[in-house]
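Given the structure is predicted, the values throughout are model-derived calculations rather than measurements.
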Amino acid sequence: MQFDVSPTGAVEPDGIHVLLTTDPAFEEATVAIVRRLRFHPGRLLRNGSAVESWVTMPLHFGQVLAAG
């Protein structure tokens with residue numbers, strides 16, 4: 001996944017891109033997850049101002065195994 005994080009830390013709805021998928025059936029669920037994510041925004045080194053940032057993040061789906 002690649003997505004645009006605004007200076008407020010929210011993911012921009014129109015800035016979400018699926019870069020690679022093993023199954024197109026995962027795309028809708030993955031985009032829905034990314035839309036709900038929140039981040040600490042990137043900051044400029046010079047003055048500490050919050051800035052828009054592009055993030056690339058792998059998301060993996062798999063079976064959850066019970067411990068024990």
Show the nearest heavy-atom pair for residues Ala50 and Pro7, with the distance to one decimal. CB-O, 3.4 Å

Rounded at 0.5 Å granularity, tell me how far CZ in Phe39 sits from CE in Met57. 4.0 Å

Just verifying a value: how many Å separate Asp4 CG and Trp54 CH2, rounded to the nearest 0.5 Å? 4.5 Å

Assess the residue pair Glu12 and Ser6 against the criterion (side-chain contact (heavy atoms from CB on, under 4.5 Å)); give the C-alpha distance rounded to whole Å, side-chain angles, the decisive distance to 0.1 Å, and a yes or no. CA-CA 6 Å; Glu12 294 289 347; Ser6 76; 3.0 Å; yes

If we only count heavy atoms from C-beta on, is the [X] to [Y] side-chain gap below 4.5 Å?
X     : Y     : result
Thr30 : Val18 : no
Pro13 : Val11 : no
Phe3  : His17 : no

Start with the C-alpha distance between Ile16 and Met1, add both sets of side-chain angles, then the distance that settles side-chain contact (heavy atoms from CB on, under 4.5 Å), and finish with yes or no. CA-CA 7 Å; Ile16 301 172; Met1 297 296 300; 3.4 Å; yes

Report the C-alpha separation of Leu37 and Val5 in whole Å, then their side-chain angles, then the decisive distance to 0.1 Å, and conclude whether the side-chain contact (heavy atoms from CB on, under 4.5 Å) test is met. CA-CA 9 Å; Leu37 296 175; Val5 176; over 6 Å; no

Are Val34 and Phe26 linked, directly or through intermediate hydrophobic residues, by side-chain heavy-atom contacts shorter than 4.5 Å (ILVMFWY only)?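 They do not share one cluster, since no chain of ILVMFWY contacts under 4.5 Å joins Phe26 to Val34.
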
